[in-house]
Asker: 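I have a structure here, written as structure tokens, and I will follow up with some questions on it.
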Amino acid sequence: MTDSKTCRICASQRTSPTIRFNDWQVHRCSDCGFRFAEDGQPIVYEDHYDEDYFAPLMQRDQMDKWSRIYADRLAFLRQNAPSDRLLEAGAGASTFALNAVDQGFQVTVADAAPWAVDFLSSHDGVTGQLVDLNQCDFPAGQFGAIHCSHVLEHLREPRQFLEQCLSTLQPGGVMYLSFPAYEGRVLGFRDGLYRLGLANHPYNYQAPDHLSYFDAPCIRATLEQAGFEVVRLRRIKFISVRDTAERMDDSGLLRKMVRLAATATSPISRRVGFHRDLEIIARRPREKSIPQVEPSARRAA
Ligand SMILES: [Zn+2]
């Protein structure tokens, strides 16, 4: 098939196009289930991830809810990491890094956005690294913990990035990872609605901002093949059919009917739905040696 692409996770050629949106084509790998967007116009990091992009996220970080979420994550990392050296990979301008300094971590922030790196590294206790995470080269065995929230979906080369994360963790080091879930049944349903004209968009692919789409089995297998031990993997941020229907605009008879039906069946439609995000704790094993496979060699195999 002429338009099949090489899977960026398992290097399989058994991939096929699924849906086209925003001038990007989404492909799915039949072997590992990874989905990825190809052939659109990529964003320029410096232009796209500027102060305006980060402003609402920084505002969100000021909410009590997010302070508590960050405090819980930091407490977990503090208890489980073998050292106080923390890498905030794809930090953006999140105040997580600053909260981590308050909790006693020595923090390195790595991001491709100059504005965010400048902003965070202007604070005491934070070292900044301006780096494209698709082709990063972190020093081996440097960090006791990695925090990486809503970054993986932005990367064109997530597997290489995860291999770098493993290598830069100390033995026993822990990584917190979260990102949007792209589960096949949800994508099939939502993309189907889009094809039928019942939804304005297919599922939340968001190319060119998001380029890599993992479901739970695919990220678990990818992490384990890279050499991580997956300590915990859970689905979070449940959204019900009723919530989804309530967010639909009211244009068109069919949409009105869908909303009415979801409201009328509320006891059920409140419970049926899907989780928007995946949250993972992975660890670099203490004893096991890390597989030393060059990406180029793996692809050629
Ligand atoms: Zn694959």
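In what follows, every heavy atom counts, from backbone to side chain, and hydrogens, waters and symmetry copies are set aside. Counting starts at 1 for both ligands and their atoms, in listed order.
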Asker: May I ask you to check whether F238 and H275 place their ring centers less than 6.0 Å from one another?
Answerer: yes
Asker: If hydrophobic residues (ILVMFWY) are linked whenever their side-chain heavy atoms come closer than 4.5 Å, directly or via other members, who joins I19 in its cluster?
Answerer: F21, V26, Y182, V186, L187, Y194, Y203, Y205, Y213, I239, F274
Asker: Applying the 4.5 Å side-chain criterion to the ILVMFWY set and letting contacts propagate, would F96 and W115 be lumped into a single cluster?
Answerer: yes
Asker: Between CG of N80 and CZ of R283, what distance do you get to the nearest 0.5 Å?
Answerer: 5.5 Å
Asker: With a cut-off of 2.8 Å, which protein N/O/S atoms are close to the Zn ion (ligand 1), if we only count those under it?
Answerer: C7 SG, C10 SG, C29 SG, C32 SG
Asker: Going hydrophobic residue to hydrophobic residue with side-chain gaps under 4.5 angstrom, can you get from M175 over to L87?
Answerer: yes
Asker: Looking only at heavy atoms, which two atoms of Y49 and H154 are closest? And how far apart?
Answerer: OH-ND1, 2.9 Å
